[in-house]
Amino acid sequence: MSAATLPPPPATHPPEPPTSPNPEPLPVAVLPGDDLTRFILHNPPPQNLSSSGKHNRKSKKSRKQTENQQNENSDDDDDVAERNKLPPKLGTGLSCIYTAASSGAGTNSVPSLKIQATIAGKLQYRLSSRTWFIASNPRRYHLSTSASSLSPFPIAINSGSSNNSNKKSSISNAMNMGVGDRVIGIIEDQKASADYYRVQIFGSHPALLHVLNFEGATKRNRPQLEPGCLIFCRVIKSFGGGRMDPEVSCKVGGGSASTGGSGKAAVGYDDDGGASRKDWLTNEGTYGPLYGGTSFRVSLGLARELLSPKSVVLAALDQSGVPFEIAVGVNGMVWVNSSEAGYMIMILNAIKNSEVMTKEQIRGMVKMMVKNVKKQFED
């Protein structure tokens with residue numbers, strides 16, 4: 001018997017796509033179905049010149065300091081050159097389509113790929129992770145457009161023997177869509193089953209919450225949630241690439257009752273860091289029911305800005321001295337609580353108005369609103 005011929009091993013690095021001498025500027029906006037292959041593969045990735053944060057200052061430096069700085073600059077250039085050799089990644093709003101174009105001679109076919117936009121928005125590039133994605137501002141939450149989908153598998157420019165690895169990567173990416181997203185939902189009227197609540201997260205599908213997915217919850221000692229109760233939770237399971245009901249949890253680090261309530265996400269995601277892990281009876285945990293206050297919906301883009309550590313409106317409200325607590329979900333739900341109803345209304349209006357203002361305008365608006373509210377309390 002003759003031994004079967006094995007296919008050639010996959011290449012360590014895919015061949016570099018041809019780059020044009022004059023890079024084409026990125027489009028101002030893209031629409032679903034637009035072909036973005038020429039921007040992502042045929043042009044070098046944009047470099048953020050100010051990312052290093054180092055400015056040339058005219059100051060007296062010793063010879064040793066000058067040599068150290070030159071060595072650091074050369075190392076940075078080597079890192080950038082090495083990073084550019086790696087294949088890019090596709091994030092939110094982009095899909096890769098493989099096609100087999102006939103070469104015209106015999107039955108051989110030359111595989112090619114096409115990168116299309118699936119949502120409308122602006123094409124952007126994240127240098128730290130070499131990820132291309134589309135920044136959009138919709139109002140409807142979907143797992144496939146969440147921020148956690150920005151860590152997909154690289155584009156496999158070479159074809160043939162790497163098809164199996166691409167399939168495994170795509171399956172893993174579909175299972176991880178939206179996992180780790182912190183959302184605010186509302187308990188619906190009916191239960192999905194005897195052990196699950198159905199939670200409205202204002203997306204394409206409602207979520208499922210197990211009755212034991214609370215810190216310290218047991219079969220005898222567990223929270224009894226009424227319909228209409230507001231709850232802060234996180235996504236721990238995703239099915240069908242976000243096209244089926246996901247599972248959420250109120251445990252730090254995820255957790256599923258099917259895994260024994262270990263507090264670990266089913267797909268290995270545990271990114272809560274130093275979140276507070278306290279019993280649900282103390283009402284001081286990171287996740288759980290939200291009592292009191294008021295809730296409202298905002299666009300997903302504004303929700304991402306509020307979750308950023310550099311949020312201007314929240315920093316201005318914090319410096320104003322107004323006591324309040326806030327919870328923001330990536331699904332566009334915001335919950336605000338304060339000691340006075342006037343403060344809650346002021347914070348609500350400040351957050352909504354900040355979406356169409358500059359940084360200086362936001363600071364001035366918050367300062368004026370706080371001054372007016374405090375004046376009304378004094379009168």
Side-chain angles (χ1 to χ4, degrees), residues 17 20 23-46 87-101 111-127 129-157 159 163 166-167 169-181 183 200-207 235 238-246 297-305 307 329-333 355-356:
S20 58
E24 187 176 357
L26 299 181
V28 178
V30 297
L31 296 176
D34 287 355
D35 187 3
L36 305 176
T37 309
R38 64 183 186 277
F39 299 105
I40 297 177
L41 295 183
H42 299 164
N43 286 335
K89 299 178 182 179
L90 297 185
T92 303
L94 295 174
S95 64
C96 186
I97 302 174
Y98 289 90
T99 59
S112 62
L113 58 86
K114 181 179 180 182
I115 301 175
Q116 283 186 344
T118 58
I119 59 176
K122 184 178 180 181
L123 181 64
Q124 293 186 355
Y125 179 75
R126 180 172 294 176
L127 184 61
S129 59
R130 312 186 320 277
T131 302
W132 289 90
F133 64 98
I134 295 180
S136 60
N137 191 22
R139 294 191 65 88
R140 187 178 182 181
Y141 171 70
H142 195 274
L143 296 179
S144 61
T145 59
S146 64
S148 62
S149 301
L150 288 179
S151 56
F153 54 91
I155 304 174
I157 300 177
S159 59
N163 289 337
N166 290 340
K167 290 180 181 179
S169 300
S170 60
I171 293 174
S172 176
N173 187 63
M175 292 177 60
N176 298 343
M177 277 195 176
V179 172
D181 283 357
V183 297
Q200 176 59 257
I201 57 175
F202 303 97
S204 55
H205 297 276
V235 179
S238 174
F239 306 97
R243 293 182 293 271
M244 299 176 65
D245 296 354
R297 293 187 65 187
V298 298
S299 63
L300 301 189
L302 180 56
R304 288 194 295 268
E305 291 181 6
L307 290 170
V330 296
N331 59 339
M333 281 289 292
E355 188 171 10
V356 293

[atom1] of [X] to [atom2] of [Y]: how many Å apart, nearest 0.5 Å?
X      : Y      : atom1 : atom2 : result
Lys89  : Arg126 : NZ    : CZ    : 11.0 Å
Ser95  : Ile119 : OG    : CD1   : 10.5 Å
Leu90  : Phe133 : CG    : CZ    : 12.5 Å
Met333 : Phe202 : CE    : CZ    : 4.5 Å
Ile40  : Ile115 : CD1   : CD1   : 4.0 Å

Heavy atoms, side chains only, cut-off 4.5 Å: are [X] and [Y] in contact?
X      : Y      : answer
Trp132 : Leu41  : no
Leu300 : Val330 : no
Pro27  : Asp34  : no
Leu26  : Tyr125 : no

Shortest non-hydrogen contact from [X] to [Y]?
X      : Y      : value
Leu94  : Leu36  : CD2-CD1, 3.6 Å
Pro206 : Pro246 : O-CD, 3.3 Å
Ala117 : Val30  : CB-CG2, 4.3 Å
Ala303 : Gly332 : CB-CA, 4.1 Å

If a pair satisfies side chain to side chain donor-acceptor pair (under 3.5 Å) and one of its residues is in residues 113-124, list it, with sequence neighbours excluded.
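Residue pairs passing side chain to side chain donor-acceptor pair (under 3.5 Å), neighbours aside: none found.
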
